[in-house]
Asks: 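Here it is, the structure in full.
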Amino acid sequence: KLGNATAKAELGRAAWKLMHTTFARFPEKPTDEEKEALRQYVHLFQRLYPCGECAEHFGQVLKKYPPQVSSQKAAAQWGCFVHNVVNKRLQKPEFDCDEIAKHYDCGCAEEDKDKDK
Ligand code: FAD
């Protein structure tokens, strides 16, 4: 089947953006509930991801590399790492994970920072 590569790429960019921005806003010191919420978020994201072929591959990635939820930094670095696994499979360049912190800005007010969004 041919599919629609442009729509699939658009969806991918939007999905990655939401995911990395979510990780960028995850608490520095999450509670057990917050950790469990992020874990479930990632697994449900995979399970319900609209591109079936993508979801299937990402499921294999999650089995090998389960989400890291111990801190904001761990989550963001994990997100960058798994995106790079997908990049590699699609023969896209590797992203430098040291750059991740400055790259994702939610546009939220600074005073929201430690509140529940
Ligand atoms: P994208 O990969 O969408 O990245 C968007 C932007 O994020 C980049 O321009 C860069 O600024 C930044 N970025 C790049 N790498 C990283 C990183 N490691 N960490 C943080 N930021 C980064 N497409 C398929 O054709 N087949 C698939 O099987 C497939 N599986 C996918 C699985 C998932 C879970 C997702 C979310 C998407 C998948 N896609 C798949 C879509 C694919 O990953 C891309 O989103 C799409 O091809 C558009 O690519 P892009 O080059 O515009 O950059």
Side-chain angles (χ1 to χ4, degrees):
K1 60 186 187 302
L2 205 60
N4 183 337
T6 307
K8 186 160 73 172
E10 273 297 308
L11 176 67
R13 279 189 284 275
W16 286 123
K17 175 104 178 176
L18 174 61
M19 191 137 106
H20 293 303
T21 309
T22 300
F23 296 148
R25 297 285 291 182
F26 190 63
E28 212 64 71
K29 292 185 176 159
T31 63
D32 286 348
E33 274 190 350
E34 286 167 331
K35 291 179 192 174
E36 187 52 28
L38 191 63
R39 213 176 272 123
Q40 286 183 25
Y41 179 86
V42 169
H43 281 111
L44 290 171
F45 169 89
Q46 181 274 323
R47 204 168 127 191
L48 298 173
Y49 193 73
C51 158
E53 163 213 11
C54 309
E56 194 184 311
H57 285 120
F58 197 57
Q60 292 165 18
V61 174
L62 291 187
K63 259 188 206 150
K64 200 162 173 195
Y65 307 108
Q68 299 296 302
V69 299
S70 61
S71 68
Q72 187 281 323
K73 190 153 192 286
Q77 288 300 315
W78 174 84
C80 188
F81 175 82
V82 292
H83 189 167
N84 273 333
V85 172
V86 173
N87 286 343
K88 192 168 188 179
R89 200 172 61 75
L90 299 177
Q91 296 174 322
K92 289 178 190 286
E94 186 176 341
F95 186 88
D96 179 0
C97 293
D98 292 342
E99 297 289 300
I100 194 100
K102 47 186 147 177
H103 211 268
Y104 292 95
D105 178 4
C106 72
C108 326
E110 211 28 48
E111 61 265 26
D112 272 4
K113 217 171 169 187
D114 298 313
K115 283 189 207 154
D116 288 336
K117 292 129 254 173

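Note that ligands are numbered from 1 as they come in the structure, with each ligand's atoms numbered from 1 the same way. These figures come from a predicted structure and were not determined experimentally.
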Asks: Do K88 and E94 have side chains that get closer than 4.5 Å, going by heavy atoms?
Replies: no

Asks: Around atom 42 (C) of ligand 1, find the nearest protein heavy atom and jot down its residue, atom name and distance.
Replies: L90 CD1, 3.6 Å

Asks: For atom 27 (C) of ligand 1, which of K17, Q46, R89 has the closest heavy atom?
Replies: R89

Asks: Regarding atom 45 (O) of ligand 1: of the candidates A5, C80, A76, G12, which has the closest heavy atom?
Replies: G12

Asks: Any chain of hydrophobic side-chain contacts (each under 4.5 Å) joining F23 to F45?
Replies: yes

Asks: Report yes if some heavy atom in the side chain of E36 is under 4.5 Å from a heavy atom in the side chain of E33; otherwise report no.
Replies: no

Asks: Just to be sure I read this right, does ligand 1 sit under 4.0 Å from the backbone of M19, its side chain, both, or neither, counting only heavy atoms?
Replies: neither

Asks: Who's closest to atom 38 (C) of ligand 1 heavy-atom-wise, of C54, P93, A15?
Replies: C54

Asks: Out of K92, H83, Q77, whose heavy atom sits nearest atom 1 (P) of ligand 1?
Replies: H83

Asks: Search all heavy atoms of Y49 against all heavy atoms of L11 and return the closest pair with its distance.
Replies: OH-CG, 3.5 Å

Asks: Is there a heavy atom in Y104 that sits closer than 4.0 Å to ligand 1?
Replies: yes

Asks: Quick one: does any side-chain atom of Q91 pair with a main-chain N or O of R89 as donor and acceptor, under 3.5 Å?
Replies: no

Asks: Starting from atom 46 (C) of ligand 1, which protein heavy atom do you reach first, and at what distance in Å?
Replies: A9 CA, 3.7 Å

Asks: Can you find a protein heavy atom under 4.0 Å from atom 8 (C) of ligand 1?
Replies: no

Asks: With a 4.5 Å cut-off on side-chain heavy-atom distances among I, L, V, M, F, W and Y, is there a chain of contacts connecting V82 to L38?
Replies: yes

Asks: For atom 25 (O) of ligand 1, find the nearest protein heavy atom and state the residue, atom name and distance (0.1 Å precision).
Replies: K8 CE, 3.2 Å

Asks: Is the ring centre of F81 less than 6.0 Å from the ring centre of Y65?
Replies: yes

Asks: Are H43 and P67 packed together at the side-chain level, in the sense that at least one heavy-atom pair is separated by less than 4.5 angstrom?
Replies: yes

Asks: Aromatic rings Y104 and H20: how do their planes relate, parallel, tilted or perpendicular, breaks at 30° and 60°?
Replies: tilted

Asks: Is the shortest distance from a heavy atom of H103 to ligand 1 less than 4.0 Å?
Replies: yes

Asks: Taking non-hydrogen atoms only, is L11 closer than 4.0 angstrom to ligand 1 via side chain, backbone, both or neither?
Replies: neither

Asks: What atoms of ligand 1 come within less than 4.0 Å of a heavy atom belonging to F58?
Replies: 34 (C)

Asks: I need the nearest protein heavy-atom contact for atom 15 (N) of ligand 1: residue, atom name and distance, please.
Replies: N87 ND2, 3.0 Å

Asks: Checking contacts here: is it the side chain or the backbone of F81 that comes within 4.0 Å of ligand 1, counting heavy atoms only? Could be both or neither.
Replies: neither

Asks: How far is atom 13 (N) of ligand 1 from the closest protein heavy atom, and which atom is that?
Replies: F95 CD1, 3.4 Å

Asks: Side chains of F58 and V85: closer than 4.5 Å at any heavy-atom pair?
Replies: no

Asks: Are E53 and K8 within salt-bridge range, i.e. N to O under 4.0 Å?
Replies: yes

Asks: When you measure from atom 20 (C) of ligand 1 to every protein heavy atom, which one gives the shortest distance, and what is it?
Replies: H20 NE2, 3.2 Å

Asks: Which of the atoms in ligand 1, numbered in the order shown and given with their element, are less than 4.0 Å from a heavy-atom of I100?
Replies: 19 (N), 20 (C)

Asks: Distance under 4.0 Å to a non-hydrogen atom of H57: what atoms of ligand 1 satisfy this?
Replies: 28 (O)

Asks: Do C97 and N84 touch side chain to side chain, with heavy atoms closer than 4.5 Å?
Replies: yes

Asks: I'd like to check Q77 versus I100 (side-chain heavy atoms, cut-off strictly below 4.5 Å). Are they in contact?
Replies: yes

Asks: Relative to ligand 1, is V86 under 4.0 angstrom through side chain, backbone, both or neither, heavy atoms considered?
Replies: side chain

Asks: Can you tell me the protein heavy atom closest to atom 43 (O) of ligand 1 and the distance?
Replies: W16 NE1, 3.0 Å

Asks: Quick one: does ligand 1 sit under 4.0 Å from the side chain of R13, the backbone, both or neither, non-hydrogen atoms only?
Replies: both

